[in-house]
Amino acid sequence: MKFDENIRNYIYGEMEPPISGEYIDNYNPATGEVYSKIPDSDDRDVLRAVKGAERAFPAWSNCGVKKRFRILTRIADIIEQNLESFAKAETTDSGKPIALSRSIDIPRAHSNLRFFATAILHFASESHYMEREAINYTLRRPIGTVGCISPWNLPLYLFTWKIAPALASGNCVVAKPSEITPMTAYLLSRACKEAGLPAGVLNVVHGYGHKAGQAIVEHPSVKAISFTGGTETGRKIAEIAAPKFKKLSLELGGKNPNIIFADCDFEKMMTTTIRSSFSNQGQICLSGSRIFIEKHLYTVFRDEFVKRVKNLTVGNPFSDKTDLGAVVSSAHQSKVLNAIDLAREEGGQILCGGNAVKVPKCEKGYFIQPTVIEGLDAHCRTNQTEIFGPVVTLIPFETEEEVLAYANSTEYGLSATIWTQNISRAQRVADKLDAGIVWINTWLTRDLRTPFGGMKNSGTGREGGWEALRFFTEPKNVCIHF
Ligand code: TXE
């Protein structure tokens, strides 16, 4: 599959230019150069996509789960067979190391499709028996046309995480990937054509969030929105969707605590904490950006952690030696560097990193050194705001109560990690954390059946497993009197 070409929308089974005829530059973040063009779509393209979805819905929602299973599995096979092209496209578009695209992003994309293709074969609804009087059974039918809007940090991974359950449960989808990383969603639309997905079942409209994205949210025929992205964007989407009574699933930002007790398995904790801090340049909503360390381990932890972070290689994303590639855009690089400046102003000491990096042959790319900061209060802005880059802070603590108060002090509540060999303490702390996902002695171990999402300003609703299939279906109770 070729990926270095101009992108088209995928509407009612056809690859189409935007009605405006306008395009957005698509940058390679490692070189700072424009390498393709993205349709600058608007409400007219969205309208065509919604009409296409509405035409396709009666047949798709009634074709039977086996047919949907077969087609979604075929799309998964095509992605898997073209893993290398998809991985190259993902790395070129996002700046992430190629090893990550090959081993995580693209395999997870075909797993998402297979997971929900098979899940729908097993999906069942409930019945409620009223002794000798009546029986209720719950029908779960697809909603109709639904909107899926995804971000740039895990482009195809999160795009498929939304569209797979939506399609498997019989909906037709109008989807928009991030305008910053649209290429693999475009390749996916070509894979859908090849796999024989009927026209209009999936429509991919490219373009800006405030234009194409907002038009999807506003359209009265789009009955549910599944969104992953920034908390402010989530708020805007909720403001538009709530008065129209649309179903909403919002997966937003995080400022996740990584809580390290002195009795942890030190080596396992250390290697995992390097990953949870800097994988994907720290641009993962589940990254453990606030590291809390029990006081009498603090110095040992800090010295070893900083030593290992200094050994990480920031480099060309296509090199196998690279640990951290480029951050996703010039604007995002400035945002992260400004956050590091704020940490300095707030009195933080930069133990390593703190600056942009010039990478040979990628001099115009958007690279940042992995950055470790200490000496900041848990309540300062640096420790309360999502940075979404290769930046972590270290904070010592003495008691469980103290660290729980720090951990729960932000507006977010997405995930948390606990490191301890004490099983009672692990469960006590897990129980009291305000987080939708808690990992004990691990990070990012994912079972696709589990509920995924956050508390507080990290979002509403849960994705994954039955939760996603329930979100994308409308329950109807039928009561039969004896
Ligand atoms: O994301 P946006 P941004 C966080 C992270 C980052 C910040 C901002 O802190 O620095 O959010 O990132 C579409 N109506 N996360 O601004 O804008 C947009 O086109 C409808 C956390 O780049 O939220 C894209 O497809 N759609 C996060 C998607 O929303 C709109 C991942 C996400 O972009 C829209 C990414 C609108 N009005 C950033 N405005 C996570 N939870 O993993 C934008 N969009």
Side-chain angles (χ1 to χ4, degrees), residues 24 26-27 29 38-43 46 93-94 96 105 147-159 161-163 174-185 204-219 222 225-241 246 248-256 279-287 289 327-339 366 368 382 384-391 410-415 436-437 444 452-454 456-461 463:
I24 305 164
N26 190 16
Y27 286 85
I38 312 159
D40 181 3
S41 311
D42 57 32
D43 52 349
V46 169
D93 229 14
S94 68
K96 70 177 69 206
D105 289 75
C148 296
I149 300 176
S150 60
W152 45 258
N153 56 330
L154 300 164
L156 193 63
Y157 176 133
L158 291 177
F159 193 69
W161 181 235
K162 297 184 177 304
I163 64 165
V174 178
K176 195 194 84 62
S178 169
E179 64 277 23
I180 302 172
T181 53
M183 191 54 87
T184 46
V204 184
V205 181
H206 293 273
Y208 290 117
H210 65 273
K211 272 165 106 173
Q214 196 151 322
I216 295 172
V217 179
E218 280 172 350
H219 198 288
V222 177
I225 303 288
S226 174
F227 169 80
T228 298
T231 294
E232 273 320 304
T233 314
R235 200 185 309 275
K236 203 176 286 174
I237 288 174
E239 276 168 15
I240 298 167
K246 297 189 182 207
L248 269 185
S249 166
L250 302 175
E251 205 273 277
L252 310 175
K255 187 77 177 172
N256 310 303
S279 262
N280 205 35
Q281 298 74 248
Q283 302 166 136
I284 304 182
C285 52
L286 307 163
S287 295
S289 50
V327 298
V328 78
S329 65
S330 170
H332 194 59
Q333 185 192 37
S334 304
K335 185 187 154 187
V336 175
L337 292 173
N338 287 340
Y366 319 128
I368 301 178
T382 303
Q384 294 288 316
T385 317
E386 185 179 46
I387 298 175
F388 219 63
V391 182
T410 72
E411 66 177 55
Y412 298 107
L414 189 51
S415 72
I437 302 147
L444 211 59
F452 180 87
K456 301 198 284 190
N457 290 2
S458 289
T460 59
E463 300 185 289

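Keep in mind the model is a prediction, meaning the values are calculated, not measured. Just so you know, ligand 1 is whichever comes first in the structure, and atom 1 is the first atom listed for that ligand. Values reported hereafter were calculated over all heavy atoms of this structure, with side chains retained and with hydrogens, waters and symmetry mates removed.
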Can you tell me if Asn26 and Asp93 form a side-chain donor-acceptor pair at under 3.5 Å? yes
Go through the steps to decide whether Gln384 and Lys255 satisfy the test side chain to side chain contact (heavy atoms under 4.5 Å, CB included), and finish with yes or no. CA-CA 7 Å; Gln384 294 288 316; Lys255 187 77 177 172; over 6 Å; no
Return yes if some donor-acceptor pair links the side-chain N/O of Gln283 with the main-chain N/O of Asn280 below 3.5 Å, else return no. yes
Where is the nearest protein heavy atom to atom 40 (C) of ligand 1: which residue, which atom, and how far? Cys285 CB, 3.6 Å
Under the side chain to side chain contact (heavy atoms under 4.5 Å, CB included) criterion, do Leu250 and Arg235 qualify, and how do the steps go? CA-CA 9 Å; Leu250 302 175; Arg235 200 185 309 275; over 6 Å; no
Lys176 heavy atoms, cut-off 4.0 Å: which ligand 1 atoms fall inside? 18 (C), 19 (O), 25 (O)
Give the numbers and elements of all ligand 1 atoms closer than 4.0 Å to a heavy atom of Ile149. 13 (C), 20 (C), 25 (O), 26 (N), 28 (C), 29 (O)
Let me confirm one number: the CD1-CD1 distance from Ile225 to Ile237, rounded to the nearest 0.5 Å. 7.0 Å
Backbone of Thr382 reached by a side-chain donor or acceptor of Thr385 within 3.5 Å: no
Please write down residue, atom name and distance for the protein heavy atom closest to atom 6 (C) of ligand 1. Lys335 NZ, 3.6 Å
Record the part of Ile237 in heavy-atom contact with ligand 1 below 4.0 Å; permitted values are side chain, backbone, both and neither. side chain
Answer yes if a protein heavy atom lies under 4.0 Å from atom 33 (O) of ligand 1, otherwise answer no. no
Between Phe388 and Val336, is a side chain to side chain contact (heavy atoms under 4.5 Å, CB included) present by the stated rule, with each step listed? CA-CA 7 Å; Phe388 219 63; Val336 175; 5.8 Å; no
Which protein heavy atom lies closest to atom 4 (C) of ligand 1, and at what distance to 0.1 Å? Glu386 OE1, 3.3 Å
Nearest to atom 36 (C) of ligand 1, what protein heavy atom do you find, and at what distance? Gly209 O, 3.4 Å
Taking only non-hydrogen atoms of Glu179 and a 4.0 Å limit, the atoms of ligand 1 in range are 18 (C), 19 (O)
For atom 35 (C) of ligand 1, grab the closest protein heavy atom and report residue, atom and distance to one decimal in Å. Pro151 CB, 3.5 Å
Does Lys236, backbone or side chain, put an N or O under 3.5 Å from an N or O of ligand 1? no
Ligand 1-proximal atoms of Gln214, by part, heavy-atom distance under 4.0 Å: both
Non-hydrogen side-chain atoms of Leu158 and Pro151 separated by less than 4.5 Å: yes
Would you mind checking which non-hydrogen protein atom is closest to atom 29 (O) of ligand 1, with the distance to 0.1 Å? Phe227 CE1, 3.1 Å
So is Glu232 close enough to ligand 1, meaning a heavy atom under 4.0 angstrom away? no
Would you mind listing which atoms of ligand 1 come within a distance below 4.0 Å of any non-hydrogen atom of Glu251? 41 (N)
closest protein heavy atom to atom 24 (C) of ligand 1 is Ser150 O, 3.5 Å
Heavy-atom donor-acceptor pair, Ser94 side chain to Lys96 backbone, under 3.5 Å: yes
Taking atom OG of Ser329 and atom OH of Tyr366, what is their separation to the nearest 0.5 Å? 7.5 Å
Contact between ligand 1 and Pro177 is defined here as a heavy atom of the residue under 4.0 Å from a ligand atom; is it met? yes
Do the side chain of Asn256 and the main chain of Cys285 share a donor and acceptor less than 3.5 angstrom apart? yes
Which of the numbered atoms in ligand 1 are below 4.0 angstrom from a heavy atom of Trp152? 3 (P), 12 (O), 22 (O)
Steps toward side-chain hydrogen bond (donor to acceptor under 3.5 Å, both in side chains) verdict (Lys162, Ser226): CA-CA 7 Å; Lys162 297 184 177 304; Ser226 174; 3.0 Å; yes
Among all protein non-hydrogen atoms, which one is nearest to atom 17 (O) of ligand 1, and what is the separation to 0.1 Å? Thr233 OG1, 3.3 Å
So is Gln283 in contact with ligand 1, going by heavy-atom distances below 4.0 Å? no
Report the C-alpha distance between Thr228 and Ser150 in whole Å, list the side-chain angles of each, state the deciding distance to 0.1 Å, and finish with yes or no for side chain to side chain contact (heavy atoms under 4.5 Å, CB included). CA-CA 5 Å; Thr228 298; Ser150 60; 5.6 Å; no
So with a 6.0 Å cut-off around NZ of Lys456, is the heavy-atom count from everything else above 12? yes
Option with minimal heavy-atom separation from atom 15 (N) of ligand 1, where the choices are Gly389, Gly459, Gly230: Gly230
Using a 4.0 Å cut-off to any heavy atom of Gly213, which atoms of ligand 1 qualify? 14 (N), 20 (C), 26 (N)
Could you list the atoms of ligand 1 found under 4.0 angstrom from a heavy atom of His332? 10 (O)
